[in-house]
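Only this structure's heavy atoms are used, side chains among them; waters, hydrogens and symmetry mates stay out.
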Amino acid sequence: MDPECSQLLPALCSVLADPRQPVADDTCLEKLLDWFKTITEAGSSLLLLQENPCLLGLLCHVLKPQDLSPRVLSFSLRLAGMLAAQEDCFQYLQQGELLPRLFGEAGPLGGAAWTAPSVRSGWIQGLRSLARHPSALCFLADCGAVDTIFSLQGDSSLFVASAAGQLLVHILGLSLQGPAEGHPGLQTGDWPVCAQKIVSHIEESLRSAATPQITQALNVLTTTFGHCHDPWTQVLWGRLSPLVACLLEKDPVPAAHSLVDLLLSVARSPVLSSSSSGLWETLAQTLSHLSPTQAGPLALGILKLQECPQVLRAQAFAVLLQPLTCVLEATAQAPGLLDSLDGTGGASVTVDTLLPSKAACVGLLCRTLAHLELLQPLPQRPSPWPQAPLLGATVTILRLCSGSATPTSDAGGHLCAFLVGCVRVQRAALDFLGTLSQGTGPRELVTQVFAVLLEYLTSPDSSPTVLKKAFQATFRWLQSSPETPGCSDLDPHAHLFLRELLPVLPKRLCSPCWEVRDSGLEFLTQMIGRWGGQAGFRRALLASEVPELTEQLLRDPESYVRASAVAAMGQLSSQGLRVTPASPEHPGGQQKSLLAELLHILSTDSEGFPRRAVMHVFTQWLRDGHADVAGDTERFVARVLQVASQDLDWEVRAQGLELALVFLEQTLGRPSSHCPYAVTPPVAAPPSSLAQALRPLCRVQLFEFAFRALFDCDRPVAQKSCDLLLFLRAQTASYGGPQGSGSVPEVASVEAALQRWQAGDQGQPLGYLEPEVVVAVLRSMDLEGLRGALAESSDRVEKSPQSLLQDVLATVGALGEDEADCY
């Protein structure tokens, strides 16, 4: 410990021990504990106590009858456990009977402070830290702590109850580290006392008729098998598995959720899953005894296992598919689809049994669709994957929700009544439908998919969130549609769908709901990015009102919509799809420059999202060689950097540095274009010198922009600027110009200006800088040191232990003087 901290520690302990002193908040106490933990992990706890007797005095003082703050008592219990984690310090504290008085019945257990959850939590955390060595196990057995932990499993505070269960797992593992590891065949009757006591308690809880006690036992076992993979876990499971299996004989099965968690934890254990302990039979029985809602998570967990008997996988998949089988059965779908799902081996279940009420129906279908969505991309998913029946069931569910399905039975009528207009099921079904686009299906089913998607996109009843999901699913299905041989255009079927969709898109772009307008623009941007260069898509888009409406949305009252419109217009312009028809205001179809309009947004928009979107578009235009940029690149870059440097949004300034980096790379001879419609400037001859290559950068005042950003108050901007200047300095390493700052007269004035900027006075501009000056300034700056400083936490000084102690003492002093919380 630093000498400065040692000097402050007695005052801190005095404040904490004095019940009349207002105490610092919980955050400060947590930071103090973190500091003590760092010290004890790096050195001797016993030496810490001997050098700082005030700590021992604090621990003794909190035991006196007094009105001490619960947070201070909790802090002291945790500190004592932390110190006693080292065995020599544990023995030292035991000499004065301090630990039994803190953690035994004579301590807080019998006092009024025990009613505070923070004290109970501190007691548990202290014991968790203390339980690190064999001496601690004897102490726990002698002081009766284990029985208290048992009772705390049912604590009214969920945090305390959870911590108690985790502590039991920790004690069980610690007690078996030595004996059971050395003798894997050792039976539970020969285990240490603590371990036997915990196992007996778990057995008693599993036999109990009270569901809370069963839940506690199952949770302890789940954590044990999830964290411990030693051979003794096999002995433990062999002893307790019959009691777990007996739970399946009760109706209903108690603590079903916790039981599922336990069985999956056992199945994932490399020790238990490979043993002949009847695990797979228990899993099969559980699948058949649980209700469909309870069995779904278990079925998904089984199917996600890397190794599992095929018969059990088939049973789990059948359980997972039961709700969709009911949907197909109730709506009299094609027999082939129903047979495909029935063929998975599940027993027939009626709709009335599986989906008895609206709440049950909605909940079960949402969970089933979500489980299947998680399962679909996994390599261990069932094979063959029933793509066609899953598509048919999902399309049917969506039609039931929209009311377009025609039920042919009473069960179908009940389903329709439950699901019509249900946004939850619509969202889940559209998500799963989008995931199913990764597979293939019969042409007639794919046609139905596009039909139901078009139905949702055109329906005035579709909610904004459902529309967003429908747009996302539509793009995924268009993306997965087979391409015409010899080209990357959409296939004829997708083209037909697109011709029907594009007349709908203007209506969505004119929706009074801004979320709908925003979703429509996002979909449009994705479509242009994927198919903007394909003839069929271009003709269909140019024949619609979409480009014109998109441009109008640049002036939308909602900032999110304006930002999405900026991104869409950037794509339209890059692909040559921006067309404004002739009008009295624009004779001959002359259109206003989009570049000027976007610059106006960058300069005047009051919200940050549209301005950020403009910077992203400009950066992409520069990277791709957009026609509006390639005409006069230097003028474009200079104007954008000038506006971005004055922006109050740090993300705009950071994106300005990204644009500057692109221009820098292109100027130094490394342009990169990926746009097929980019205007390719003529290839210039290599510059005769680096100075010549740097002059365009000087003319656009890139260096002034970067130097200002280097001292930006927002650290990400400064870091990005530092990286850019380091990159440039590496590129100029071979330059044979002036090597030091003293060889160029202007360098001193630039360095002086940078020092003033660093101090906060950035009023004076640098003006035009010669390349030689820039190179000299870059070589004289400690950019590596600055980058290291920027990488450090901004509160590194305030986080020091000395500063923390001073803050706590200063806070308490202020409270004592003003009788008010200074925070």
Side-chain angles (χ1 to χ4, degrees), residues 437 450-451 453-458 467-468 470-484 487-511 516-556 561-583 586 589-595 597-598 613 616-617 620-621 624 626-628 674-679:
S437 66
F450 281 116
L453 287 173
L454 188 63
E455 177 186 338
Y456 271 79
L457 291 173
T458 56
L467 267 176
K468 186 178 182 70
F471 275 127
Q472 291 170 344
T474 299
F475 179 73
R476 295 180 71 173
W477 273 94
L478 287 173
Q479 209 173 14
S480 67
S481 62
E483 296 176 348
T484 305
C487 74
S488 58
D489 205 352
L490 287 165
D491 75 325
H493 183 77
H495 265 306
L496 179 62
F497 171 75
L498 198 60
R499 283 199 297 271
E500 296 175 336
L501 173 63
L502 282 176
V504 177
L505 197 54
K507 297 179 182 178
R508 295 308 185 188
L509 296 181
C510 295
S511 170
V516 174
R517 301 195 299 274
D518 190 56
S519 298
L521 288 168
E522 289 178 352
F523 174 72
L524 174 64
T525 305
Q526 289 178 312
M527 294 289 288
I528 299 168
R530 178 65 177 82
W531 294 287
Q534 308 308 323
F537 175 79
R538 294 172 67 85
R539 284 194 300 270
L541 187 62
L542 290 172
S544 71
E545 301 174 347
V546 170
E548 183 180 358
L549 289 172
T550 303
E551 188 161 0
Q552 294 175 11
L553 290 175
L554 291 173
R555 296 170 288 280
D556 193 272
V561 178
R562 295 198 300 275
S564 297
V566 166
M569 286 304 302
Q571 287 275 19
L572 285 168
S573 181
S574 294
Q575 299 289 354
L577 292 168
R578 178 176 179 252
V579 174
T580 302
S583 64
H586 299 284
Q590 185 65 35
Q591 60 183 6
K592 180 182 177 182
S593 166
L594 180 61
L595 174 60
E597 191 155 0
L598 294 184
H616 282 286
V617 167
Q620 195 61 44
W621 279 7
D624 292 341
H626 188 278
D628 288 352
H674 306 286
C675 178
Y677 295 91
V679 176

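Note: Phe497 and Phe450 have tilted aromatic rings, judged against thresholds of 30 and 60 degrees for the angle between ring planes. Ring orientation note: the planes of His626 and Trp621 are close to parallel, at an angle under 30° on the 30°/60° scale.
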Please lay out, stage by stage, how Leu594 and Leu554 fare under the test side chain to side chain contact (heavy atoms under 4.5 Å, CB included).
-> CA-CA 10 Å; Leu594 180 61; Leu554 291 173; 4.1 Å; yes
Applying side chain to side chain contact (heavy atoms under 4.5 Å, CB included), run through Ser519 and Leu467 and close with a yes or a no.
-> CA-CA 8 Å; Ser519 298; Leu467 267 176; 5.6 Å; no
Check the pair Met527, Leu498 against side chain to side chain contact (heavy atoms under 4.5 Å, CB included), reporting the backbone distance first and the verdict last.
-> CA-CA 10 Å; Met527 294 289 288; Leu498 198 60; 3.5 Å; yes
Let me see the working for Phe523 and Leu501 under side chain to side chain contact (heavy atoms under 4.5 Å, CB included), right down to the final yes or no.
-> CA-CA 12 Å; Phe523 174 72; Leu501 173 63; 3.6 Å; yes
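Going from atom OG of Ser511 over to atom CG of Leu509 covers 9.5 Å, rounded to the nearest 0.5 Å. Between the CD atom in Gln620 and the OG atom in Ser573 there is a gap of 12.5 Å [rounded to 0.5 Å]. Asp628 contributes atom CG, which lies 9.5 Å from atom OG of Ser574 (distance to the nearest 0.5 angstrom). The distance from the NZ atom of Lys507 to the CG atom of Leu457 is 12.0 Å, given to the nearest 0.5 Å. Atom CE of Met569 is separated from atom CD of Gln552 by 10.5 Å, given to the nearest 0.5 angstrom.
Residues Ile528 and Leu541 are in side-chain contact: their nearest non-hydrogen atoms beyond the backbone lie under 4.5 Å apart. Side-chain contact between Glu551 and Glu597: present, with at least one pair of heavy atoms (C-beta onward) separated by less than 4.5 Å. Phe471 places none of its side-chain heavy atoms less than 4.5 Å from the side chain of Gln526.
With sequence neighbours left out, Glu522 forms a side-chain hydrogen bond (donor to acceptor under 3.5 Å, both in side chains) with Lys468.
Across every non-hydrogen atom of Arg562 and Asp556, the tightest pair is NH1-O, 2.8 Å. Contact between Ala473 and Leu453 at its shortest, heavy atoms only, is CB-CD2, 3.9 Å. Closest heavy-atom contact between Leu572 and Pro547: CD1-CA, 4.1 Å. When all heavy atoms of Gly532 and Leu577 are compared, the closest pair comes out as O-CD1, 4.1 Å. When every heavy atom of Ser437 is checked against every heavy atom of Arg476, the shortest pair comes out as OG-CB, 3.6 Å. Scanning all heavy atoms of the two residues, the minimum distance from Gln575 to Gly533 falls at OE1-N, 3.9 Å.
Leu524 pairs in a side-chain contact (heavy atoms from CB on, under 4.5 Å) with only one of the listed residues (Leu549, Leu505, Leu502), which is Leu505. Checking each of Asp518, Thr525, Thr550 against Ser564 for a side chain to side chain donor-acceptor pair (under 3.5 Å) leaves exactly one that passes, namely Asp518.
Other residues, nucleotides and ligands place no more than 12 heavy atoms under 6.0 Å from the CD atom of Glu545.
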